[in-house]
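Worksheet for the structure shown next.
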Amino acid sequence: GAVVSQHPSRVICKSGTSVKIECRSLDFQATTMFWYRQFPKQSLMLMATSNEGSKATYEQGVEKDKFLINHASLTLSTLTVTSAHPEDSSFYICSAFLDRGPEAFFGQGTRLTVV
Amino acid sequence: KQEVTQIPAALSVPEGENLVLNCSFTDSAIYNLQWFRQDPGKGLTSLLLIQSSQREQTSGRLNASLDKSSGRSTLYIAASQPGDSATYLCAVTVGNTPLVFGKGTRLSVIA
């Protein structure tokens with residue numbers, strides 16, 4: 001099946017630094033990718049929709065200047081958490097539809113810990 | 001606004017039991033419903049996808065049904081095994097819009 005690869009799987013950073021998370025579609029092109037955030041024992045909450053060649057669409061309450069999304073190619077979207085703080089510690093996961101759907105595939109997720 | 005609810009939130013069963021996980025959604029105008037499995041600290045693995053024109057899908061010991069009119073889906077797991085222990089998530093979508101997830105059911109299968 002289609003594969004979405006996310007890197008890194010785990011990262012620990014100091015408060016105030018920035019962290020970049022990559023999401024790649026390995027065997028298909030994804031014009032749209034989705035970034036989710038998951039707190040412990042909670043469901044996945046959509047943060048933003050990443051669109052290749054254009055600006056990302058952010059969900060209400062998500063700071064676009066803090067969570068920078070770049071979708072520079074048809075197989076890569078990046079999420080950069082800028083000036084990270086401990087409250088940004090969470091599980092971040094990306095998703096894409098194979099050939100515009102209908103099945104969604106997810107990356108392995110990134111566990112971010114800000115200390 | 002679409003909302004997805006999963007019941008129960010947690011379930012513990014002895015090995016070998018058949019079990020049913022429930023998912024309900026508030027807006028029946030969905031295109032697809034997808035069941036996922038998530039192991040602790042891991043990403044999501046797609047288990048079954050049911051398109052709006054379908055009523056059920058089967059894969060091995062898993063069977064998922066969809067009743068759009070009532071806004072419900074069930075995931076049936078036959079002859080449960082300890083390896084089935086995980087969180088099971090239900091999600092719905094309209095077209096290629098982002099999936100809306102339930103909070104999941106944490107399943108523990110006791111050997």
Side-chain angles (χ1 to χ4, degrees), chain A residues 1-11 21 23-24 30-52 56-60 62 69 77 89-113, chain B residues 1-11 21 23-26 29-54 57 59 64 66 68 86-108:
Chain A
V3 178
V4 175
S5 178
Q6 194 171 334
H7 178 81
S9 59
R10 188 179 297 269
V11 59
I21 303 170
C23 179
R24 295 182 183 273
T31 55
T32 302
M33 291 185 177
F34 305 99
W35 287 95
Y36 292 83
R37 181 173 182 175
Q38 185 181 35
F39 290 106
K41 298 186 178 181
Q42 296 295 314
S43 189
L44 280 72
M45 297 300 296
L46 180 69
M47 297 176 65
T49 301
S50 173
N51 303 299
E52 188 269 334
T57 304
Y58 291 82
E59 295 300 298
Q60 189 174 9
V62 179
I69 291 174
S77 175
S89 298
S90 187
F91 189 68
Y92 294 87
I93 190 165
C94 67
S95 171
F97 286 98
L98 173 64
D99 294 335
R100 302 183 183 276
E103 189 170 6
F105 293 89
F106 284 78
Q108 305 94 316
T110 298
R111 170 71 60 194
L112 170 64
T113 303
Chain B
K1 179 183 176 183
Q2 179 74 269
E3 292 184 2
V4 179
T5 303
Q6 289 187 247
I7 295 173
L11 180 64
L21 307 181
C23 171
S24 62
F25 43 95
T26 54
I30 64 168
Y31 276 21
N32 306 301
L33 184 143
Q34 203 165 346
W35 282 93
F36 296 89
R37 169 185 173 140
Q38 185 177 30
D39 293 287
K42 304 293 185 182
L44 275 65
T45 300
S46 178
L47 297 174
L48 290 166
L49 167 73
I50 309 178
Q51 299 186 56
S52 61
S53 59
Q54 300 172 326
Q57 285 287 325
S59 176
L66 174 63
K68 273 187 61 177
T87 295
Y88 290 80
L89 293 161
C90 165
V92 298
T93 185
V94 176
N96 288 348
T97 57
L99 292 164
V100 178
F101 284 86
K103 291 187 176 181
T105 294
R106 292 193 310 280
L107 172 65
S108 295

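Naming convention: chains lettered A, B, ... in sequence-line order (proteins, then strands); numbering from 1 in each chain.
Summarising the geometry of B:S46 relative to A:A104, their closest heavy-atom pair is CB-O, 4.3 Å, with the distance given to 0.1 Å. Minimum interatomic distance between B:F101 and A:S43 (heavy atoms only, all atoms of both residues): CB-OG, 3.1 Å. B:P98 and A:F34 make their closest contact through CG-CE2, 3.2 Å (heavy atoms, listed as atom of the first residue, atom of the second, distance).
The parts of A:L44 that come within reach of chain B are both its backbone and its side chain, each placing non-hydrogen atoms under 4.5 angstrom from that chain. Interface remark: B:Q38 contributes side-chain atoms only to the contact with chain A (heavy atom separation under 4.5 Å).
Counting heavy atoms from C-beta outward, B:L99 and A:F106 have side chains that approach closer than 4.5 Å.
Taking chain A as the reference chain and counting heavy-atom pairs below 4.5 Å, the highest number among B:K42, B:Q34, B:K103 is found for B:Q34. If you tally non-hydrogen atom pairs under 4.5 Å between each of A:M45, A:Q42, A:Q38 and chain B, the highest count goes to A:Q38.
Separation of atoms OG1 (B:T93) and CD (A:E103) is listed at 12.5 Å; rounding is to 0.5 Å. Between B:L44 atom CG and A:Y36 atom OH the span is 9.5 Å, to the nearest 0.5 Å.
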